Amino acid sequence: QVHLVESGGGLVQAGGSLRLSCTASGSIFSIYAMGWYRQAPGKEREMVAFISSGGSTKYADSVKGRCTISRDNTKNTVYLQMDSLKPEDTAVYYCNSVVEVALATPPMTYWGQGTQVTVSS
């Protein structure tokens, strides 16, 4: 079983910064990609940023230019540096990982428990 543990959420003033971390552990053969989704009350869950094991990145238009995703493959960890935060960034942020748990097995998607990010005006 694969577990994703997030950290780094919290309360920050508008214009401030936060750095989220997510570490995958458990039965992992390889990780295809890791990234972040977020969901605000009354809103659909949206993709924020993703990074492949090779370093290719993808960002939502709403955070492009303000967020940077990175990874440490040796630690199965992904980071999301968020700068110039806005109140509309307030949401629960969920780590997501596409994982191969054994050689030649279909990839599986796992979710973290979520970490709250609150940006005050």
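Computed from a predicted structure; not experimentally measured.
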K.L.:
Write down the atom of Gly10, the atom of Leu18, and the distance for their closest heavy-atom approach.
P.N.:
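Taking Gly10 first and Leu18 second, the nearest heavy atoms are O-CD1, 4.0 Å.
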K.L.:
If we check side chain to side chain contact (heavy atoms under 4.5 Å, CB included) with Val78, which of these qualifies: Asp72, Asn96, Ile69?
P.N.:
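Among Asp72, Asn96, Ile69, the one that satisfies the side chain to side chain contact (heavy atoms under 4.5 Å, CB included) with Val78 is Ile69.
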K.L.:
I'd like to know if the side chain of Gln113 pairs up with that of Glu6 as donor and acceptor (distance under 3.5 Å, no hydrogens or angles considered).
P.N.:
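Present: a donor and an acceptor within the cut-off.
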K.L.:
If we only count heavy atoms from C-beta on, is the Arg38 to Met47 side-chain gap below 4.5 Å?
P.N.:
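No, every pair of side-chain atoms sits at 4.5 Å or beyond.
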K.L.:
Taking all atoms of both residues into account, what is the closest heavy-atom pair of Tyr94 and Gly114, and its distance?
P.N.:
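Closest approach of Tyr94 to Gly114, heavy atoms only: CD2-CA, 3.6 Å.
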K.L.:
Of all the heavy-atom pairs spanning Ala24 and Leu4, show the shortest one and how long it is.
P.N.:
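Scanning both residues completely, I find the closest heavy atoms to be CB-CD2, 3.4 Å.
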K.L.:
In terms of side-chain heavy atoms, does Thr68 have a donor or acceptor partner in Gln81 at a distance below 3.5 Å?
P.N.:
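No, no side-chain donor-acceptor contact under 3.5 Å.
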K.L.:
Only one of Tyr37, Trp36, Tyr93 forms a ring-ring contact (aromatic ring centres under 6.0 Å, His included) with Trp111, so which one is it?
P.N.:
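Only one of Tyr37, Trp36, Tyr93 forms a ring-ring contact (aromatic ring centres under 6.0 Å, His included) with Trp111, namely Tyr37.
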K.L.:
Can you list the residues that meet the side chain to side chain contact (heavy atoms under 4.5 Å, CB included) rule with Val119, with sequence neighbours excluded?
P.N.:
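For Val119, the residues satisfying side chain to side chain contact (heavy atoms under 4.5 Å, CB included) (neighbours in sequence not counted) are Val12, Ala14, Leu85, Pro87, Asp89, Thr90, Val117.
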K.L.:
Got a sec, which residues hit side chain to side chain contact (heavy atoms under 4.5 Å, CB included) with Leu11, two or more places apart in sequence or on another chain?
P.N.:
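Leu11: side chain to side chain contact (heavy atoms under 4.5 Å, CB included) contacts with Thr118, Ser120.
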K.L.:
For the residue pair Arg19 and Tyr79, would you count it as a cation-pi contact if the rule is NZ or CZ under 6.0 angstrom from the ring centre and within 45 degrees of the ring axis?
P.N.:
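Positive - Arg19 is close enough to the ring of Tyr79 and near enough to its axis.
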K.L.:
Which atom pair, heavy atoms only, marks the closest approach of Ala33 to Phe50?
P.N.:
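For Ala33 and Phe50, the tightest heavy-atom pair comes out as CB-CD2, 4.1 Å.
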